[in-house]
Structure formats: C-alpha cells, structure tokens
Amino acid sequence: MPSSRPPTSGTDDVADDVELIPPQPRFTLHSDEDIIRSANHSRTTSNAQSVDISPPISPHSVAFSIPVNNPFSPPASIRSIPMSETPFSTPGGTPGPSSPFPATPKTGGSGELPRTSSFYAIPRTTSFSGSRPGTADYSVTSFGRSPRQRDTFSSPPSRPVTIYSSPSTLKLQKERPKSTMLVDSDALQKPWLRKHDTASRVAYFLTYGVMMLGVAAAALRCYFDWQAVPVIKGNLCPVLHEEFDSDEAVFGDNGVFFREVDMSGFGCVFLSV
Amino acid sequence: MTTSSNNNSFVRDGHLYIVPTLTSDNLPLDAINDGHIFNITDCTFNITRGLSYTDSRKDGVIAGNTSAVGQDKFDAEGYYKACSAVSNNTAGHIINPVQTARLSTRKSASIKYGKVEVRARIPTG
C-alpha cells in the first residue's frame, strides 16, 4: 500500500506552530509490553496517510501487533470500492454532539488527526470505516478529501457500526489479542517444579493412613463379632410339631394353643400394676 | 380386643386361621361409641396377669399357669381394664372396634434357645 510518510509519532505539518501538540501515541507497533501498557482503554491512532483510512479501532485493535505499514488501513477488500462523498458530509458536519473531542479545523488531506478518542463517541449514522470518530481520518473526512480517498469509504452497509467491533479480517482472526487478564509470567507460581515438601507429604499420608487404619479396624471388628454369634447348628430336638389336624386338638382343653383373652390390642398390652 | 371366639381363630382343612372381625358385627355402632359397658367372656387376665411370656420383668410371671388365687393383692384396676371397656362419648372412650385372637403355647411348649420354623401366610396391606 502506498504510504506517504513513515508511521512515527505524528505531528502536524500544517500550521502547527500555534496549536497544541496533540498527545503522542502511547504504543509502538512492535513490542508487546508497550501494547499491553497502553491497552488500558485508550485508543490512539497513528498518523494516517492521506490515502489510507483507518479501520474501525477497537480495544482489541490497540493490542494488535500488526506488522503492516499502517495498521489502521482498511483491508484490501474494502479499499478498492469506490464511493461518493455525499453521505459523509452530514456526519462530517455533526461531529460535535456525538464525539467528545474537537474537530480540528484542518483541511486538505493529511495532517491532523484526532489523537484521543473515547468509547462513548458512537457515530450516529451508519457510517463506514472512514468516518468513525475513532478512526484516524475522522476530521479529515469531514472537511473534504481528495477524490482518491473516497475509495476507501465504501464498505458494505451491513457492517456493524460500533466502536467495539473489530474488522473481520483474516489477520485479525489469526492474531488473537493477548488477554489483558494475564499477568507477567515471571510472577506465576509453579510449585510443582520446586522440590516437594517432605513434611507435608508425610503429614498427608500419615493422616489418611491412620484413617484407613480405623476403617480397617472397624471392618475387622464387624467380622469377628459376626463369627462370634452363637448359632446352634446340630443336636436340635423337636419340641413341638403341629399339623393343625382338628380344632379340638389345637384349642381343646389339652390343646396346644392357648387363647389369650383380654381387651388389649392395637399394639398395647395391659400390664398388671 | 382378643377373643376366644371361633370367628377369630379356627382350624380348617389342616390350616390355622386367625381372622380379625369388627366389634360392630356383634354390637351396634352407637353402643361402641357411647354408653355401653362391655365385658369380654373368658377373660384370661388372671392367668396371664397382663404379661406376655416373653416379658423380662423381674417380679413378673414369666411362663406357665398362674392364677389370682393365692395372691396377696387382687389387682382390680388391672382386671377391669383388661376384661371390660366402657364407652363414653364426652370422655372420648369407645369399645375396641376390632376383635381378633392371640394364641400362645404357654401351656404346652416353651424353649429358651432354638429354632422355630413357621409356614404362614401374611395378610395383605
């Protein structure tokens, strides 16, 4: 892709003597630490070239280390689509209420780009990559651009227009951003690599060993008590063998069975006092 | 209420039957609920003294025949309680509504240790 200037920290080349120097980008493209350091909810843009329009910047994109000349240029599939400037005059004309950062009065192509951005600056219209408040060329696009730059405005209207969306490019899918929850790997503790504490090992096995000893003792006790139950196996004499032949033999005066008669019952037995 | 009636315990076809019946077959239901004094026939409290022969009371009679004759003190309260019932609606007492039988071999056979084999059919429910 054509690049008109190297991607260094940008300064204006148009009437920048009087103006305040915008805050410098807090990251470089080639070191992870810097990217992590600057990844805390701030988006900065590099100085986009006059031709390139930055892709939608998201928190993920900040942490990317995309090894291209301009990381914020839109993907090649988008760059070649021509489009008109008309839909962008209106969003360009109303940046104020929706974006907290001022629209710098720069005209003509290159130059001043909004360095700081905010997450709350969501564009009203369904604009494309070029006219987002967070993109590098926001103010540039609103104040007239060269016709050559209009090619990059075209993008499918169905693209999600949020500042959090990241361009669904192949590069993005291949290079996942490093998680912001990871700490420095030197600070990780790996106790399994160190020498094991013998005292804790001994304590562990001693505790569970004594526990198992108790369980085994209980099992042994159960077994021995079972064996010690007195069971009469042999030498049994028949005391009563009843066939219920006749009523008289069962219930008669010399009968086998004796009928107990009283008013007890339902589980209660009257006891004598 | 355990009776000596043949309705509750009888032998038929080589089997012993122990059958529960309702007291209301013999008494009207109003009498069971209120205002009736019921005396059971052939009450054996004097023989059993209210004790089953498996009871382990020290001063009780464990087995065998006993009789109230010869006792120093007649247990009238126990006798009334074991051989009769009074129904009173206000007091909440009724005549025992179910009659059945209780059989024991205390007169014929007893063992201390041993083995008992029974073939019996248990009622459903």
Side-chain angles (χ1 to χ4, degrees), chain A residues 204-273, chain B residues 1-6 8-17 20 38-45 47-52 55 57 60-61 65 73 75-85 95-111 113-117:
Chain A
Y204 178 86
F205 286 113
L206 196 70
T207 304
Y208 284 106
V210 173
M211 264 187 221
M212 290 300 112
L213 213 69
V215 171
L220 278 179
R221 186 173 174 174
C222 288
Y223 173 74
F224 286 131
D225 283 348
W226 173 275
Q227 294 296 322
V229 169
V231 176
I232 300 172
K233 296 225 168 76
N235 289 337
L236 287 174
C237 307
V239 175
L240 175 65
H241 184 76
E242 184 59 48
E243 291 289 340
F244 304 110
D245 298 321
S246 70
D247 185 83
E248 180 65 29
V250 174
F251 294 116
D253 292 332
N254 293 324
V256 178
F257 287 96
F258 168 69
R259 285 182 171 121
E260 290 186 20
V261 180
D262 55 24
M263 297 296 284
S264 65
F266 288 163
C268 63
V269 174
F270 292 110
L271 297 179
S272 66
V273 177
Chain B
M1 172 187 323
T2 58
T3 67
S4 61
S5 166
N6 272 334
N8 298 116
S9 55
F10 53 91
V11 173
R12 184 178 301 164
D13 297 336
H15 298 291
L16 173 69
Y17 289 84
F38 179 81
N39 288 315
I40 199 164
T41 58
D42 299 334
C43 188
T44 59
F45 176 75
I47 300 170
T48 63
R49 305 280 295 279
L51 293 171
S52 167
D55 282 342
R57 280 170 48 161
V61 176
N65 293 331
K73 187 180 170 185
D75 185 8
E77 184 184 346
Y79 182 81
Y80 297 145
K81 203 172 177 185
C83 296
S84 66
I95 311 292
N96 300 23
V98 177
Q99 297 175 333
T100 181
R102 182 186 297 148
L103 307 177
S104 79
T105 60
R106 62 168 70 216
K107 279 189 179 176
S108 57
S110 65
I111 54 174
Y113 299 118
K115 195 175 180 181
V116 176
E117 286 186 12

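In what follows, every chain begins at residue 1, and chains take the letters A, B, ... in the order their sequences are listed. Just so it is clear, the model here is predicted, and its values are computed rather than measured.
- The side-chain hydrogen bond (donor to acceptor under 3.5 Å, both in side chains) test with A/Arg259 is passed by exactly one of B/Ser4, B/Ser9, B/Ser104: B/Ser9.
- Using a 4.5 Å cut-off on side-chain heavy atoms (C-beta onward), A/Phe258 and B/Thr105 make no contact.
- For B/Ser84, the part lying near chain A is the backbone, with the side chain staying farther off; criterion is any non-hydrogen pair under 4.5 Å.
- Heavy-atom pairs under 4.5 Å with chain A peak, among B/Ile95, B/Asn8, B/Asn6, B/Asp13, at B/Asn6.
- The two residues B/Ile40 and A/Asp262 make their nearest non-hydrogen contact at CD1-O, 4.0 Å.
- The part of A/Phe251 that comes within reach of chain B is its side chain, from C-beta onward, which places non-hydrogen atoms under 4.5 angstrom from that chain.
- Contact record, A/Glu260 with B/Thr2: O-OG1, 2.9 Å, taken as the closest heavy-atom pair.
- Shown here for B/Ser108 and A/Gly255, the closest heavy-atom pair between the two residues is CB-O, 4.4 Å.
- Of the two parts of B/Leu103, the backbone and the side chain both hold a non-hydrogen atom closer than 4.5 Å to a non-hydrogen atom of chain A.
- Both the backbone and the side chain of A/Val256 come within contact range of chain B, judged by heavy atoms closer than 4.5 Å.
- The main-chain N or O of A/Met263 is found under 3.5 Å from a side-chain atom of B/Asn96 such that the two form a donor-acceptor pair.
- B/Cys43 touches chain A through backbone and side chain together, each having a heavy atom under 4.5 Å away.
- B/Val11 and A/Phe244 get closest at one heavy-atom pair: CG1-O, 3.4 Å.
- In this structure, the portions of B/Ala85 lying under 4.5 Å from any heavy atom of chain A include both its backbone and its side chain.
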